Amino acid sequence: MTQTAFASSVSLARNAATRVAAIAAKQGKPAILRLSVEGGGCSGFQYKFELADAPEEGDCVAETDGVKLLVDEVSLGLLEGSEVDYVESLGGAAFKVTNPQAASGCGCGSSFAI
């Protein structure tokens, strides 16, 4: 299996790593978060988060506090320089991607345009 490290181009904040570890423990899964970009959403692209069992062929892997973040090669081009965080506010709690490539986003924060 080929894996590429990309710690300098996409990162997982400690808050996000802690939350992924807690969710994975409750579900009895490994602490591995997959982030991908799909067409759609109100701004053209949308982020998709899911727990993964293991890296897949070609995945890029970053790690924070023992928690892995996986991004496929196609999505990586749209996520270069991004940070994944977990934020809690009055409006709720969610994973948030700070993407320097996004020219605009929607109010819900789950979609973006380049």
Side-chain angles (χ1 to χ4, degrees):
M1 176 180 339
T2 302
Q3 297 177 13
T4 306
F6 62 90
S8 61
S9 61
V10 179
S11 61
L12 183 65
R14 280 206 152 91
N15 286 343
T18 300
R19 186 63 180 154
V20 170
I23 292 169
K26 281 184 181 179
Q27 295 186 13
K29 293 187 165 227
I32 303 173
L33 179 67
R34 175 174 297 285
L35 169 61
S36 59
V37 175
E38 298 179 340
C42 44
S43 294
F45 294 103
Q46 60 188 0
Y47 301 113
K48 180 181 177 188
F49 295 98
E50 62 186 340
L51 289 179
D53 292 320
E56 295 178 4
E57 182 75 27
D59 278 346
C60 296
V61 182
E63 189 167 332
T64 301
D65 296 339
V67 176
K68 291 181 181 176
L69 173 66
L70 309 179
V71 177
D72 63 86
E73 292 174 298
V74 174
S75 297
L76 185 61
L78 298 169
L79 294 167
E80 230 22 86
S82 295
E83 180 184 53
V84 178
D85 201 355
Y86 182 77
V87 294
E88 296 182 43
S89 67
L90 292 176
F95 288 102
K96 177 185 176 191
V97 178
T98 302
N99 186 344
Q101 293 191 61
S104 64
C106 67
C108 66
S110 64
S111 67
F112 66 102
I114 293 186

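All values reported here derive from a predicted model rather than from experimental measurement. Values below: every heavy atom of this structure, side chains too, minus hydrogens, waters and symmetry copies.
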Working note: Val37 + Leu79, criterion side chain to side chain contact (heavy atoms under 4.5 Å, CB included); need CA distance, chi angles, decisive distance, verdict. CA-CA 8 Å; Val37 175; Leu79 294 167; 3.8 Å; yes
[X] versus [Y], closest heavy-atom pair with distance:
| X | Y | value |
| --- | --- | --- |
| Ser9 | Leu76 | OG-CD1, 4.2 Å |
| Gln27 | Leu51 | OE1-CD1, 3.5 Å |
| Pro30 | Ala24 | O-CB, 3.5 Å |
| Val67 | Ala17 | CG2-O, 3.4 Å |
| Leu70 | Ala52 | CD1-CB, 3.9 Å |
| Ser75 | Ser36 | OG-CA, 3.5 Å |

When rounded to the nearest 0.5 angstrom, what is the spacing between CD in Glu57 and CD in Glu73?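 Rounded to the nearest 0.5 Å, the CD-CD separation comes to 8.5 Å.
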Go through Arg14 and Asp65 one step at a time and tell me if the side chain to side chain contact (heavy atoms under 4.5 Å, CB included) criterion holds. CA-CA 7 Å; Arg14 280 206 152 91; Asp65 296 339; 3.0 Å; yes
Please tell me if the side chains of Asp59 and Asp72 come closer than 4.5 Å, counting only heavy atoms from C-beta onward.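 With C-beta onward as the side chain, the pair touches.
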Please test Ile32 against Asp53 for side chain to side chain contact (heavy atoms under 4.5 Å, CB included), starting from the C-alpha separation and ending with a verdict. CA-CA 7 Å; Ile32 303 173; Asp53 292 320; over 6 Å; no
Suppose the criterion is salt bridge (charged side-chain N to carboxylate O under 4.0 Å, His left out): which pairs have a residue in residues 83-92, not counting sequence neighbours?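 The answer is none; no pair qualifies.
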Please identify each residue that fulfils side-chain contact (heavy atoms from CB on, under 4.5 Å) with Ala16, with sequence neighbours left out.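 side-chain contact (heavy atoms from CB on, under 4.5 Å) list for Ala16, sorted by chain: Leu12, Val84, Tyr86, Phe95.
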State yes or no: do Leu69 and Leu78 share one hydrophobic cluster built from I, L, V, M, F, W and Y residues joined by side-chain heavy-atom distances below 4.5 Å, directly or via other members?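 Leu69 and Leu78: one cluster.
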Yes or no on side chain to side chain contact (heavy atoms under 4.5 Å, CB included) for Val20 and Phe49, after CA distance, side-chain angles and deciding distance? CA-CA 11 Å; Val20 170; Phe49 295 98; over 6 Å; no
